[in-house]
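Every chain is numbered from 1 and lettered A, B, ... according to where its sequence line falls, protein lines coming before strand lines. Atoms considered below: every heavy atom in the structure, side chains included; atoms not considered: hydrogens, waters and symmetry mates.
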Amino acid sequence: MDDEGAAMTTTTPRTEIEPYDPGSVAQRWQQRWEADGLYRTPDHVEGQQNWYALTMLPYTSGDLHVGHWFAMAPSDVLARFKRMQGYNVLFPMGFDAFGLPAENAAIAGGVHPKDWTDANIERMRGQLKRMGAMFDWEREINSSDPSYYRWTQWWFLQLYRQGLAYRAEAAVNWCPSCNTVLANEQVIDGHCERCHTEVEQRQMEQWFFRITDYAEQLLDNDQLEWPEHVKRMQRNWIGRSEGTEVSFALETPTADGSDEIRVFTTRPDTLCGVTFMVLAPEHPLVSQITTEERRVEVEAYVEQARHTTEIERQATDRPKTGVFTGAYSVNRLTGERVPIWIADYALATYGTGAVMGVPAHDQRDFELAGKFGLEIRVVVAPPGWDGKPLSEAYLGRDGSQVSSGRFDGMPNAEGYEAIADHIVAQGWGERRVTYRMRDWLISRQRYWGTPIPILYCDDCGTQPVPEDQLPVVLPEDAEFKPTGDSPLKRHAGFLNTTCPQCGGPATRETDTMDTFVDSSWYFLRYVSPHDDEAPFDAEKAKLWGPVDQYTGGAEHAVMHLLYARFFVKMMRDLGLVDHGEPFLRLFNQGIVLSEHTKMSKSRGNVVAPDAYVSELGADVVRLYLMFMGPWEGGGDWSDAGINGIARWMNRAWDLATSPADALPAADGPADRDMTRRMHQTIRRVTTDIERFKYNTALAAMMELTNDMAPAFEARSVSQPVWAETVRRLLLLLAPMAPHVTEELWERTGNPYSIHAQPLPAWDDALAAVDEATLVVQVNGKVRERIAVPADISEADAKQQALASERVRAYTDGHDVTKVVFVPGRHLVSVVVK
RNA sequence: GCCGAAGUGGCGGAAUGGUAGACGCGACGGUCUCAAAAACCGUUGGGGGCAACCCUGUGCCGGUUCGACUCCGGCCUUCGGCACCA
């Protein structure tokens, strides 16, 4: 067989070994693992610490694409890695199963949302299983199952009882043609995405969660091991503003006795620069204060604002608009009379819905004043101000007070405090903190969601459904018609009920909850997914604690992650959990691209993993996704790139299965090198995986196999060292490629299962090199490399460096002014003049 | 507009302030083959030189340092987030 020529290559005689068949290997082990319950997770194992690993649960859209794999497979690697490090690891999976697409499918295709969803779950579960993750399927959850949403309703009732759930009027996007509320994403340039009708704003009774009560606590995220930008985004989203709420007197009190307008300002130092007031068009005082001669114009403006969507209104490049109400207010600080305007740049939902107009020191006020010829009075003089009119508002905080009466001459930072104190002392207002974040609107006029467990009785008013009557079940015989009306509204059997208080007739709330409510507590349901006494078992929740490592897409940086934090804080305040944060560590993976663009159905560039899994195996798909680049960076899917991984997988298979009979029984000349390489690889792979650097962990293993092949061919490594190298390579690779390593583990004579083995440890002494390359730089340029003992002394290194002929070519005839030795780096830097 | 992240070969990417381009893809040359594919071996930032080697090179311009992809200042570009929040 082998002749002189063959020794020149690393070709393994393939006739002797069975080639790798990924399909049969994966199938065999997936069946075995499931039959053995290898991934069932007990709540406690003596002598092991619990570790809760979680990846965001998928929406039941239908098919798993490579984006799902990219999110889940590397998470699985970490979970498996932790397991091999000796932790009792919980790594569950479930389905975010409520939501609009199911209902749209029902309207369009006549298939019931439940059937559509269940079929998708069935398909996705199968696809997830083919990925070979260590999910504990006995803990699977489905947010659209009554056994789950019963508890979502239960949470609603706890919030309601705490006063954290309330009903109020809110503006929503309303399509008058579809006769329904639209989410912001469904409004395209002010028009309905489906029928292209112009969308208007409508006031409707809606349910809210009082998340703003927790604004201050949610702001405190310093101790979380999350990406800094996510924490910053949450802080910006919450948008804490310190300022002063100031009362302005109404010159003419209204018929119902209101005699003031309250405004929130972060700049009390500019109070003497107020030359007008602005109310939001929706402000309750508008209709009352508008004078008869201004009424027609004001009402027209209000009406116009009503038809403008929130999104349109928030376009910052829109020229300022507004109308005068005819009414005046009095600035109590100056006694001045200022006109009251309405303008849609004042937001009804922020602060008090009214602002004081200080055109010299606020750009929006400046623009309005410029357009309508209102006075622009400078009260904070910019440094070096020449007294001339400003070309734009001066927003700086380093000016001094002018035209501010007794406050004149103060630096405005001081004026800020003095004027605010004065306002408070006079009883004209108080210091206040305002948040940009609004309460969470959870009402959805949809069928396919968790019904809000509330009913309305003519006599007893709004009544919560008693807990023992949960769940309020979605009627399956609802009708799905393209009217836009919720099917629950037209379902008499659902709608009509009796009041738990008086037994009289009552109607049910027909709105369902935002699906973000479902996903705000699912991570706790996994600790006791079949519990029918409580949403979760408190003792088990204590055992698992908060999620140790959460992974998912960056698109959830604010909403989902903020809502979940709110829920856990609420649970803690109810005494149901010990911890106040749901996720201790967070990691955001990047996005997989295809043809350099984001995958989307409309572009038709969605990459389905199924064909690659069938052809190359789940292990190769997993490895390729991890090798594309750093996990947080995402990457571009390439058919060519995956072949490199497939090739390497085959090479590794050949190495592990080649009979080692021809190798020396002991004392191979390359044993020391091979052992060192092995320990270096263990060290690199271990530290890389802990930092989510799967790409470099894999590269390290590739380097090892690149060294193993020639050593095997040259028979320079002994049988025991070879066997040990193969064994440890398999262990290191096991979290990433669970099927093929299990197969090779068995074929190399090891006991089932590789996934129950401890991770190999490295020995720094064995990983250490004994010969190193001394690099010599002259004036920063590398001029020489000398082989030296690794433990060379500083003096020897410098001496050898300076003695080198090549170095002397650069130093002879020059003054050597400095010689630097860098110990750990085997580097000498020579400076010459 | 504001906040943030990132710019390295033909491509994906690697480098605790210390040998830039690991590992992989692709390309080129070769082995095997009647031939091709697969597999394997070799070369592969650019420029120069017969060669040993030399010059140059991490978006652009400066700075710190014996030494900068890395740190600092200022630009440019791309991508994310927020966007009239008083």
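Remark: E242(A) does not engage R432(A) in a salt bridge, criterion side-chain N to carboxylate O under 4.0 Å. Note on E632(A) versus R691(A): no salt bridge recorded, every NZ/NE/NH1/NH2 to OD/OE distance being 4.0 Å or above. Of the charged side-chain nitrogens involved, none lies within less than 4.0 Å of a carboxylate oxygen, so that E713(A) and R715(A) do not count as a salt-bridged pair. Classification of E805(A) and R808(A) as a salt-bridged pair fails, no side-chain N sitting under 4.0 Å from a carboxylate O. Salt-bridge annotation for E245(A) and R431(A): absent, with no side-chain N of the basic residue lying under 4.0 Å from a carboxylate O of the acidic one. Using a cut-off of 4.0 Å between Lys/Arg side-chain N and Asp/Glu carboxylate O, D707(A) and R677(A) are scored as salt-bridged. A salt bridge links E216(A) with R240(A): at least one charged nitrogen is closer than 4.0 Å to a carboxylate oxygen. For the pair D764(A) and R683(A), the salt-bridge criterion is met [side-chain N within less than 4.0 Å of a carboxylate O]. With salt bridges taken as basic N to acidic carboxylate O contacts below 4.0 Å, none links R318(A) and E367(A).
The shortest distance between side-chain heavy atoms of W637(A) and L625(A) falls below 4.5 Å.
One finds no side-chain N or O of R318(A) lying less than 4.0 angstrom from the OP1 or OP2 phosphate oxygen of rA83(B). Residue R436(A) places at least one side-chain N or O under 4.0 Å from the OP1 or OP2 atom of rA83(B). When the side-chain nitrogen and oxygen atoms of N706(A) are compared with OP1 and OP2 of rG24(B), one or more of them lie within a distance under 4.0 Å. One finds no side-chain N or O of N643(A) lying less than 4.0 angstrom from the OP1 or OP2 phosphate oxygen of rC25(B). Between S241(A) and rA86(B), a side-chain N or O to OP1/OP2 separation shorter than 4.0 Å is present. The shortest distance between the side-chain N/O atoms of R364(A) and the OP1/OP2 oxygens of rC85(B) is below 4.0 Å. Side-chain nitrogen and oxygen atoms of R651(A) include at least one within less than 4.0 Å of the OP1 or OP2 phosphate oxygen of rC40(B).
To the nearest angstrom, P of rG81(B) lies 11 Å from NE2 of H229(A). Taking atom CG of residue N236(A) and atom P of nucleotide rG81(B), one finds them 14 Å apart after rounding to whole Å. The distance between atom CG of L698(A) and atom P of rG24(B), rounded to the nearest whole Å, is 11 Å. In this structure, D636(A) places its CG atom 8 Å from P of rG13(B), rounding to the nearest Å. Between the P atom of rG4(B) and the CD atom of Q234(A) lies a distance of 17 Å, rounded to the nearest Å. Atoms CE (M437(A)) and P (rA83(B)) sit 14 Å apart, rounded to a whole Å. Nucleotide rG80(B) holds its P atom 18 Å from the CH2 atom of W237(A), rounded to whole Å. Regarding K818(A), its NZ atom lies at a distance of 10 Å from the C1' atom of rG67(B), rounded to whole Å.
Between rG24(B) and rU56(B), the distance separating the two C1' atoms is 27 Å to the nearest Å. Of the C1' atoms belonging to rG12(B) and rG7(B), the separation is 15 Å, rounded to the nearest Å. Rounded to the nearest Å, the gap between the C1' atom of rG17(B) and that of rG63(B) is 15 Å. Between the C1' atoms of rC69(B) and rU33(B), the separation comes to 46 Å (whole Å). Here, rG62(B) and rC28(B) have their C1' atoms 41 Å apart, quoted to the whole Å. Nucleotides rC72(B) and rU78(B) are separated by 23 Å at their C1' atoms, to the nearest Å. For the C1' atoms, the distance from rA86(B) to rA15(B) is 49 Å, rounded to whole Å. When the P atom is used for both rC75(B) and rA20(B), the distance is 31 Å, rounded to whole Å.
Nucleic acid contact class of V831(A) (heavy atoms, under 4.0 Å, all strands): sugar-phosphate only. The residue E703(A) sits close only to the backbone: its heavy atoms come under 4.0 Å of sugar-phosphate atoms, none of a base. Contact annotation for T266(A): backbone-only contact, meaning every heavy-atom pair under 4.0 Å involves sugar-phosphate atoms and none involves a base. Using a 4.0 Å heavy-atom cutoff across all strands shown, R785(A) reaches at least one base atom of the nucleic acid. Note on G239(A): nothing from the nucleic acid sits closer than 4.0 angstrom, heavy atoms only.
Residues V820(A) and T434(A) each lie close to RNA chain B; by heavy-atom proximity, the contact nearer the 5' end of the strand is made by V820(A). Place S638(A) and M356(A) on RNA chain B by their nearest nucleotides, and S638(A) ends up nearer the 5' end.
Taking the centre and axis of the six-membered ring of W69(A), the NZ or CZ atom of R622(A) falls outside the cone set by 45° and 6.0 Å.
Distance from the side chain of L827(A) is smallest for rU19(B) among the nucleotides rA86(B), rG12(B), rU19(B). Across rG26(B), rC85(B), rG13(B), the shortest atom-to-atom separation from the side chain of N695(A) is found for rG13(B). Ranking rC84(B), rA15(B), rC23(B) by closeness to the D344(A) side chain, first place goes to rC84(B). Among the nucleotides rC85(B), rC3(B), rG26(B), the one closest to the side chain of R647(A) is rG26(B).
Side-chain contact annotation: R262(A) with T352(A), donor-acceptor N/O pair under 3.5 Å absent.
Between the base of rG4(B) and the side chain of E228(A) there is no donor-acceptor pair shorter than 3.5 Å.
Remark: RNA chain B takes part in the stems B:1-7 with B:76-82, B:10-12 with B:23-25, B:26-31 with B:39-44, B:45-48 with B:53-56, B:59-63 with B:71-75, each of 3 or more antiparallel Watson-Crick or G-U pairs, criterion distances under 3.5 Å.
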Subject >> Nucleotide-resolved protein contact map, nucleotides 44-59 of chain B, B/S/- at heavy-atom distance under 4.0 Å >> reply: ---------SSSS---

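Between P339(A) and T275(A), the closest heavy-atom pair is CD-O, 3.4 Å.
With a glycosidic angle no further than 90° from 0, rG9(B) counts as syn.
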